[in-house]
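Here is the structure we will look at.
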Amino acid sequence: MSVVLNFKSHLSELFAQALREVAPELSKNGSGQTEILIERPKLATHGDYACSLAMQLAKPLRKAPRDIAQALIAALPESDVIERLEIAGAGFINVFVTIAAKQHVVHGVLQAGAGYGHIHLGAGRKVGVEFVSANPTGPLHVGHGRGAAVGDCLCSVLHAAGWNVTREFYYNDAGVQIDNLTRSVQLRCMGIAPDHPDWPEAGYRGDYIADVANAYLARETVDADDQHVQGSGDVNDAEAIRHFAVAYLRREQDLDLRAFGVNFDVYSLESALYTDGKVKETVDRLIASGHTYEQDDALWLRTTAFGDDKDRVMRKSDGTYTYFVPDVAYHLDKWRRGFTRVINEQGADHHSTITRVRAGLQALDAGIPQGWPDYVLHQMVTVLKNGEEVKISKRAGSYVTLRDLIDEVGCDATRYFLAARHPDSQLVFDIDLAKSKSNDNPVYYIQYAHARISAVLAQWGGERHALLQADVGLLDSEYETALLQRLIDYPQVIENAALELAPHLVAFYLKELAADFHSYYNASRFLVDDAAVKLARLALIAAAAQVIHNGLALLGVGAPERM
RNA sequence: GCGCCCGUAGCUCAGCUGGAUAGAGUACUUGGCUACGAACCAAGGGGUCGGGCGUUCGAAUCGCUCCGGGCGCACCA
């Protein structure tokens, strides 16, 4: 017999069959589009799963929900999984799953190992995820950290859900901001500091600018990507300064990201879009499309024809392009690289680019679907230090860098903290709390569960292979059934997180899994005299440890054996 | 003024495509280490889900509106 572990889809199929019998005209095979929703009730007394189909059918069938429920149950095919069925409340059908069916999950997890939780939702399709994409004009700050944590975790979740994921970073290494950077470094080289009356309004004021200037003057060599850039020390050579400063800051960002455990598959440079003609090609295509016009010595794109609230300048009156043009060229390039799905993870302060980029892509008339690409926007991070909000301003040089957080709070806790919230909600990062009372951080609670299990298994000292022989039929206490059900839920969590592009769901799931384990731990002994009971319990907690390990891996957080 | 996001326990936050009595953590009160790690567990109090109207058998969830907060509204990125 085949082992069913995905109870939700199994039950969904059973009810679909029942529906075809009870009300064929409303089933999916008929003209109807009735969705079969199987949910997990909050209360254990309401069963393991519940179906509200009868209530949905009440109106179209003009019958009482409870009567429909009765008919559905009568028409439901037999299944080993179902212990019993109940009609409750207004017409819920509550399903109680047999303990035997749940117990299978232990061997399922142990056999699948790191593969438990991998599903086929993505069916191997390509998805390109762009995240962080910070300008090389300064160190990465907390906001970038959130983007890095959310983006990287999202990629891991999508990978687990069966997508072929490419992580991508886009460098805006051209344009006005880089000019400002260059000028700022040059002034520093000449001994002019931000408090000087000649310091430009748009100049960068952070101390790191002085570091860059000193390195340039000292003719240091910077290794960034595949190139080695040496500072010439020539204060008047703006081009050399620009080249050096960008390389210097890119290296700093790369080091920070590496320390944060985030790695990219592809780095794209804005400057390359100019040098290899992709910007020009995009402009030409847009002009040819007939959606552009000249006004006030500038070239405009009629983005209002594609939902934007005002038209956008493409080529400024000074002859240079706005950032928007290479952005469109860049996305056209992504499309051509075969990414029928692209997700851009960015800070919400850039949300206005969404309509613009999509409009530009539509204007190209390149067969790109409306609404492409997808976006995940994370809201702003507020940093609290000494109970006061730290204002972050790159130009003023007021900073909470990602590096600071990693050094002071630790990589695991920082990643967890930044990824464990819905991207849509604003995040308050209390540095003092995270630093001084780091034990309060839920990441330790989860890691502790893993370490505890490791300690018990080490004390047992047996071969991991032996656990596969465990008689899981002995697992039937309330703590054990709760843990079994939690392990069964894991693939569903991956699916939801992937569908909703909401990696924080994994973090919350892990907290609940850890809680189930800790309760079990305090209520039961594992290393008991009865060999069969001992093996069964160890198999269960080993499975729990495996799922904690798998889930933490998605978050980029370690699962230590000791702490 | 226009657009996007948010408003849930004192605080930090969950709540899956609308479902049954709204949940965690923290803080507070109490109890549990001569048992595999107490970075843990158990119990208790704490709520007009910002307000109102609407759709629905059923709304924290969907729609409208008002209030409050954040972020955008450049020939910057």
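A note on names: the letters A, B, ... follow the listed sequences, proteins ahead of strands, and every chain is numbered from 1. Predicted model only: the values in this text are computed from it and were never measured.
Judged purely by distance below 3.5 Å, without hydrogens or angles, the side chains of Q447(A) and D412(A) pair a donor atom with an acceptor atom. At a cut-off of 3.5 Å, with distance as the only test, a side-chain donor of T320(A) or D318(A) sits close to an acceptor on the other residue.
Residue A451(A) is in base contact, counting any heavy-atom pair closer than 4.0 Å across all strands shown. Residue H46(A) is classed as a base contact, given a heavy-atom separation below 4.0 Å to a base. Here A88(A) lies in heavy-atom contact (under 4.0 Å) with a base. Heavy atoms of Y521(A) sit under 4.0 angstrom from at least one base atom. Looking at heavy-atom distances under 4.0 Å, L427(A) makes contact with sugar-phosphate atoms alone, never a base. When heavy atoms are screened at a 4.0 angstrom cut-off, D327(A) is found touching no nucleic acid atom at all. Counting any heavy atom pair closer than 4.0 Å across all strands shown, S524(A) reaches a base atom. Within 4.0 Å (heavy atoms only), A497(A) reaches no atom of the nucleic acid at all. A298(A) comes within 4.0 angstrom of a nucleotide base, judged by non-hydrogen atoms across all strands. Residue-level contact check: Q346(A) touches neither bases nor backbone, having no heavy atom under 4.0 Å from any strand. Contacts of Q447(A) with the nucleic acid, taken as non-hydrogen atoms under 4.0 Å apart, are absent. Among the protein residues, N94(A) comes within range of the nucleic acid bases, having at least one heavy atom under 4.0 Å from a base atom. Looking at heavy-atom distances under 4.0 Å, R312(A) makes no contact with the nucleic acid at all.
The pairing partner recorded for G3(B) is C71(B), the criterion being a Watson-Crick or G-U wobble arrangement whose two distances lie under 3.5 angstrom. Figure legend. U34(B) is base-paired to no nucleotide; pairs are counted as Watson-Crick or G-U wobble with both atom distances under 3.5 Å. Pairing for G23(B) goes to C13(B), judged as Watson-Crick or G-U wobble with the two contacts each under 3.5 Å. Across all strands shown, G44(B) forms a Watson-Crick or G-U wobble pair with C28(B), both key distances being under 3.5 Å. For G54(B), the paired nucleotide is C62(B), the pair qualifying as Watson-Crick or G-U wobble because both relevant distances are below 3.5 Å.
Annotation: salt bridge (charged side-chain N to carboxylate O under 4.0 Å, His left out) contacts involving residues 48-61 of chain A, sequence neighbours excluded, comprise D48(A)-K102(A). Applying the salt bridge (charged side-chain N to carboxylate O under 4.0 Å, His left out) rule to pairs touching residues 502-523 of chain A yields R486(A)-E512(A), R486(A)-D516(A), sequence neighbours excluded.
With sequence neighbours left out, F429(A) forms a ring-ring contact (aromatic ring centres under 6.0 Å, His included) with F417(A). Remark: A69(A) engages A54(A), I87(A), I93(A) in a side chain to side chain contact (heavy atoms under 4.5 Å, CB included) (not counting sequence neighbours). Here D309(A) pairs with R312(A) under the salt bridge (charged side-chain N to carboxylate O under 4.0 Å, His left out) rule; sequence neighbours left out.
One finds no side-chain N or O of K8(A) lying less than 4.0 angstrom from the OP1 or OP2 phosphate oxygen of C16(B). Taking only side-chain nitrogens and oxygens, K42(A) comes nearer than 4.0 Å to OP1 or OP2 of A20(B). Distances shown here put every side-chain N or O of Y171(A) at or beyond 4.0 Å from the OP1 or OP2 atom of A77(B). Note on Y448(A): a side-chain N or O is less than 4.0 Å away from OP1 or OP2 of A39(B).
Between A60(B) and A22(B), the distance separating the two P atoms is 9 Å to the nearest Å. Between G51(B) and C67(B), the distance separating the two P atoms is 15 Å to the nearest Å. The same atom, P, is picked in G18(B) and in G63(B); the two are 11 Å apart, to the nearest Å. Comparing the same atom, P, in G23(B) and in G47(B) gives a spacing of 14 Å after rounding to whole Å. Spacing between C62(B) and C49(B) at atom C1', rounded to whole Å, works out to 16 Å.
For T320(A) and M563(A), each mapped to the nucleotide of RNA chain B holding its nearest heavy atom, the one lying further toward the 5' end belongs to M563(A). Annotation: of the two residues near RNA chain B, D318(A) and L43(A), the 5′-most nearest-nucleotide partner is L43(A).
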Distance-only donor-acceptor hits, side chain of residues 494-504 of chain A, under 3.5 Å, sequence neighbours excluded:
none

Between side-chain atoms of residues 373-383 of chain A and protein atoms elsewhere (two or more places apart, or another chain), which donor-acceptor pairs fall under 3.5 Å?
residue	atom	partner	partner atom	Å
D374(A)	OD2	R341(A)	NE	3.2
D374(A)	OD2	R341(A)	NH2	3.3
H378(A)	ND1	E345(A)	OE1	3.2
H378(A)	ND1	E345(A)	OE2	2.8
H378(A)	ND1	Q346(A)	O	3.3
H378(A)	NE2	G143(A)	O	3.4

Tabulate below the donor-acceptor pairs under 3.5 Å that side-chain atoms of residues 298-307 of chain A make, not counting sequence neighbours, or state none.
residue	atom	partner	partner atom	Å
W300(A)	NE1	Q295(A)	O	3.2
T303(A)	OG1	D308(A)	OD2	3.1
T303(A)	OG1	K310(A)	O	2.9
T304(A)	OG1	D311(A)	OD1	2.6

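Listed candidates were A42(B), A77(B), C16(B). Nearest to the side chain of N172(A) is A77(B). Proximity note for H350(A) (side chain, C-beta onward) versus A77(B), A74(B), G19(B): the nearest is A77(B). Of the candidate nucleotides C75(B), C41(B), U17(B), C41(B) has the atom nearest to the side chain of Y445(A). Side-chain proximity of L527(A) to the nucleotides A42(B), U12(B), C36(B) is greatest for C36(B). Among the nucleotides C41(B), A20(B), C36(B), the one closest to any side-chain atom of A50(A) is A20(B).
As rounded to whole Å, 15 Å separates atom P of U12(B) from atom CZ of F429(A). Whole-Å rounding puts the M380(A) CE to G72(B) C1' distance at 10 Å.
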(request) Start with the C-alpha distance between V456(A) and L527(A), add both sets of side-chain angles, then the distance that settles side chain to side chain contact (heavy atoms under 4.5 Å, CB included), and finish with yes or no. (result) CA-CA 8 Å; V456(A) 174; L527(A) 299 174; 4.2 Å; yes
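Of all the residues in residues 504-513 of chain A, H504(A), L505(A), F508(A) reach under 4.0 Å from RNA chain B with at least one non-hydrogen atom. Near RNA chain B, meaning a heavy atom under 4.0 Å away, there are no residues from residues 528-544 of chain A.
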Each nucleotide N or O in nucleotides 56-58 of chain B that has a protein N or O under 3.5 Å away: list the pair and distance.
residue	atom	partner	partner atom	Å
C57(B)	OP1	K59(A)	NZ	2.9

Where do N or O atoms of nucleotides 2-8 of chain B meet protein N or O atoms at under 3.5 Å, pair by pair?
residue	atom	partner	partner atom	Å
G3(B)	N2	H351(A)	NE2	2.8
C5(B)	O2'	Q379(A)	NE2	3.3
C5(B)	O2'	D424(A)	O	2.7

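A ring-centre distance under 6.0 Å is not found for Y170(A) and Y267(A).
Of the possible donor and acceptor atoms, none in the side chain of Y416(A) sits under 3.5 Å from a partner among the backbone N and O of V557(A).
Put simply, the side chain of S317(A) and the base of C75(B) share a donor and an acceptor less than 3.5 Å apart.
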